Structures are given as structure tokens and as C-alpha cells.
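Every chain is numbered from 1 and lettered A, B, ... according to where its sequence line falls, protein lines coming before strand lines. None of the values given here were measured: they were computed from a predicted structure.
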Amino acid sequence: MNPKRCAACKYLRRRCPKDCIFSPYFPPNDPQKFAWIHRIYGAGNVSKMLQQLPDQTRAEAAESLCFEAKCRVDDPVYGCVGIIHFLQTQIQQTQNQLAKTQAEIAVAQTKLSQTHNSDFM
Amino acid sequence: MSSSGNPSSSGGGGPCGACKFLRRKCVAGCIFAPYFDSEQGAAHFAAVHKVFGASNVSKLLQHVPEHKRPDAVVSICFEAQARLRDPIYGCVSHIVSLQQQVVSLQTELSYLQAHLATLELPQPQPPQVPVSSSGSLQALSITDLPSISPSVYDLSSIFEPVMSSTWAMQQQPRPSDHLFGVPSSSNIGGGGELQALAREFIHGGQMPAQPSPGTSGSASTVIKRE
């Protein structure tokens, strides 16, 4: 048994076994992460999800689950889908600005070449 | 998913998709009934149940105002299916991909704006590529992205002030037709795209290419958490 319980086992008020699936990813110094996870997914679901993954990918999975859980806590209606929408909107706006700037460059270049042509005459 | 507000509880003729999946009696006032019809709803609910669990989703929906629940259900289904398709990154990989696109576009925009400025100045100056992609949109900067670090995520501090003014949903959308309710008065101009994205996803569309394991866990290196 781990002498120091991980954040998950502390939250769940249980002993933290040596092979606790949560302990590598939920250190005791960051209890909030597991609180989000538990609130949105539930400890059992997260445990199952992590167990189905290879060891080397579990850290990434735990982090992405935390991120999504936090987004859902912050925005219960849209969760991280709200961020996706925001980014898509931003992409669209930036593309519009790019098109506008390219048009302005074309106009400026045309004006410049006309000015140079009239200088040579 | 049900596209109408008609409950498909046992009183109306058969259990809703959620209760069908859970093999339980669908009571009148079932919280899932308006959003999971008895035909395709069961399949959607299966994904939601596997990732979130029925009781967690029930609690989530209970804390959401009723007129926002269709949107909440659609986004939950979207996330659940994203997680099943990519058990490691879920829809975070899509976020990372979009974020990279934004940064790339902003860099290009900054460069072009600098180039335009040189064309408009009286004295010629060589156009300079800016070191940081500040651009005119300040939501993201390439300098915010850590080089390589263990998975860290932080988009909330970047997006919070924008998102609070963006989600001005004025009407109750139907999940299948108006995913995130894009009325003419809505501030969300790109809702149709998200609608298409979610519809495509829920009906078996393709997600963008996932980051390969060999790309230094790009999902984890790009999104920074404080």
C-alpha cells in the first residue's frame, strides 16, 4: 500500500494500493484534478478507460480527461465543444482577414507599379 | 437522437432510447426521454453511458436549464463519441489541431500585414517576419505554447472572456437541426459549422487526423494548463 495516498484514493476515502491505477496520474498535491474527473466521469468509468489503454498512453489520457472534465465543469452546456466552436470561428475570422489583407496588398502593389510607371514617363 | 421535444416515455408508447439501453422502465418525466428516441437514441446513449455513465449524465442535465439541455446532450454525445474513437485524447486532439491552424493563420496574417505596411510606407523597407505571431487577434500566441512538457492543458484563461459573450443562446434548438441554435440574433456566427461537425460526427463522420504517438504527444505539448 502506498504510504501516501494518491489524490483519487484520498477523495474516495479508501486505501491506496501499490498498484492503484490512479496514483501515477493524480498526485496528492493536486486534489482538484480528480475532483473534476470524478464529478463528470466517475471513478469507475475512468478506471475502466485507463485500464483499457497501454501503460505509456495513460498519462496523456488522464490529462485529456481532466481537461475535458474541467471544461465541462466550467461550461456544463457545451464543455470543450465550446472551445472547438470558438476556434472554428476564430479560424474563419482570420481567413477573412487574410483574404482582405491579400486584396489590400494587391491594390497597394498595383498602385505602386502605376506610380513607378508614371515616374518613368 | 430525438429531434423533437416529444417525450418517448412509456406513457407515449415505448421506452426512450436511454431506458431501452438500460433495460428499465421509462417513467413519465424521464430526463433522457426528450433527447434519446427509441430508435437511434439507444445507440447514442450507449456511447454516453460508456464514457460518462447514466447517473453522471442525469446529474449534469439536472443542473442545466431545460432550454439548454438539447445543446448539452448533443455536446455530451459528441464528446463521448470522440472519446470512444480516440480513447487517449478524445476531442482534445481536434482542439489541438484547430489551435495549430489558428496559430498558423495568425502568423501568416501578421506577415502579410507587415508586408502591407511596407507597401504603404513612403520609404521602402524590407518586410520582416514578426518573431511572435501577435497578429490582430490576441487569443492565441505561438509563444504561449510550451516546447515539450508533460501533458498540461490551459485554454480556459484564454477563452473565458470571449466565450462568456459568445454563447448568447436565445432559443431552444432542436438537437438534430439546430445543434447550437443559430438564430439570426445569435452571436454565434459559425454555429452552422459546429452543427455540421457534430451531425457528421454523431452519424459516423471522420475526425481530423489524430496526432501520432511519435509526434512528441503533440496534444499534450500544445495545450498549456496553468
Side-chain angles (χ1 to χ4, degrees), chain A residues 25 33 38-42 44-46 48-50 52-54 56-95 97-98 100-109 111-112, chain B residues 50-53 55-56 60 63-64 68 71-72 75-76 78-79 83 87-92 94-95 98-99 101-102 105-106 108-109 112-113 115-116 119-120 135-137 139 150-153 155-156 159-160 162-163 166-167 180 188-191 193-194 197-198 213 217 219-220 223 225:
Chain A
Y25 321 113
K33 266 172 70 172
H38 182 68
R39 184 171 158 184
I40 301 300
Y41 296 104
N45 286 334
V46 174
K48 272 187 236 167
M49 282 193 263
L50 291 177
Q52 286 166 2
L53 293 172
Q56 62 272 22
T57 61
R58 287 178 186 173
E60 300 277 328
E63 282 299 328
S64 70
L65 284 166
C66 285
F67 176 77
E68 289 189 29
K70 169 80 166 58
C71 288
R72 184 60 64 175
V73 165
D74 288 345
D75 184 353
V77 179
Y78 298 105
C80 66
V81 176
I83 294 175
I84 291 175
H85 179 268
F86 172 77
L87 287 168
Q88 288 179 326
T89 305
Q90 200 170 25
I91 285 170
Q92 198 174 27
Q93 287 173 349
T94 312
Q95 284 172 335
Q97 275 189 291
L98 263 174
K100 186 180 161 208
T101 307
Q102 283 164 344
E104 286 172 355
I105 287 173
V107 167
Q109 282 174 334
K111 277 186 187 166
L112 260 180
Chain B
K50 188 161 183 190
V51 176
F52 293 94
S55 63
N56 289 330
L60 273 170
H63 286 106
V64 168
K68 296 267 192 179
D71 285 353
S75 69
I76 287 169
F78 183 92
E79 283 188 32
R83 181 59 61 175
I88 302 171
Y89 297 109
C91 59
V92 171
H94 190 39
I95 291 174
L98 290 173
Q99 191 181 14
Q101 277 184 58
V102 170
L105 286 170
Q106 285 183 331
E108 192 180 343
L109 181 64
L112 286 180
Q113 285 175 335
H115 181 48
L116 179 63
L119 289 176
E120 289 174 344
S136 58
L137 299 175
S151 349
V152 279
Y153 297 99
L155 290 179
S156 55
F159 295 113
E160 244 173 300
V162 181
M163 285 179 70
T166 303
W167 298 112
F180 289 93
I188 305 172
E193 292 171 8
L194 187 53
L197 167 75
S220 64
I223 304 178
R225 173 192 245 171

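Proximity to chain B (any heavy atom under 4.5 Å) is restricted, for A:Leu53, to the side chain, taken from C-beta onward. Residue B:Val64 touches chain A through its side chain alone, counting heavy-atom pairs closer than 4.5 Å. B:Leu60 touches chain A through its side chain: at least one heavy atom from C-beta onward sits under 4.5 Å away, while N, CA, C and O do not.
Looking at B:Glu120, its side chain never comes within 3.5 Å of a backbone N or O of A:Ala108 through a donor-acceptor pair. Put simply, the side chain of A:Ser64 gets close to the backbone of B:Ile88: a donor and an acceptor are under 3.5 Å apart.
When all heavy atoms of B:Gly53 and A:Asn45 are compared, the pair lying nearest together is N-ND2, 3.4 Å. Closest of all the heavy-atom pairs between B:Asn56 and A:Gly42 is ND2-N, 3.4 Å. Nearest heavy atom pair, residue A:Ile84 against residue B:Cys91, reads CD1-CB, 4.2 Å. Closest approach of A:Gln90 to B:Val102, counting heavy atoms only: OE1-CG1, 3.6 Å. A:Val81 and B:Phe78 make their closest contact through CG2-CD2, 3.5 Å (heavy atoms, listed as atom of the first residue, atom of the second, distance). Closest approach of B:His115 to A:Ile105, counting heavy atoms only: CD2-CD1, 3.8 Å.
Between the side chains of B:Asp71 and A:Tyr78, at least one donor N or O sits under 3.5 Å from an acceptor N or O.
Side-chain atoms of B:Leu119 and A:Glu104, non-hydrogen and from C-beta on, never get closer than 4.5 Å to each other. Contact check for A:Lys48 versus B:Lys50: no side-chain heavy atoms found under the 4.5 Å cut-off.
Ranking A:Lys111, A:Arg72, A:Gln102, A:Arg58 against chain B, the residue ahead of the rest is A:Arg72, based on heavy-atom pairs under 4.5 Å. The residue among A:Leu112, A:Val46, A:Thr101, A:Leu98 with the most heavy atom pairs within less than 4.5 Å of chain B is A:Leu98. Contact tally against chain B (heavy-atom pairs below 4.5 Å) for A:Gln56, A:Gln52, A:Gln109: the top residue is A:Gln109.
Interatomic distance, CD of A:Glu68 versus CD1 of B:Ile95, reported as 7.0 Å (0.5 Å rounding). Between the CG atom of B:Leu105 and the CD atom of A:Gln92 there is a distance of 11.5 Å, given to the nearest 0.5 Å. Going from atom CD of B:Glu79 over to atom CD1 of A:Ile40 covers 9.0 Å, rounded to the nearest 0.5 Å.
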Open item on the list: Test side-chain contact (heavy atoms from CB on, under 4.5 Å) on B:Val92 and A:Glu63; report intermediate values, then the result.
Closed with: CA-CA 10 Å; B:Val92 171; A:Glu63 282 299 328; over 6 Å; no
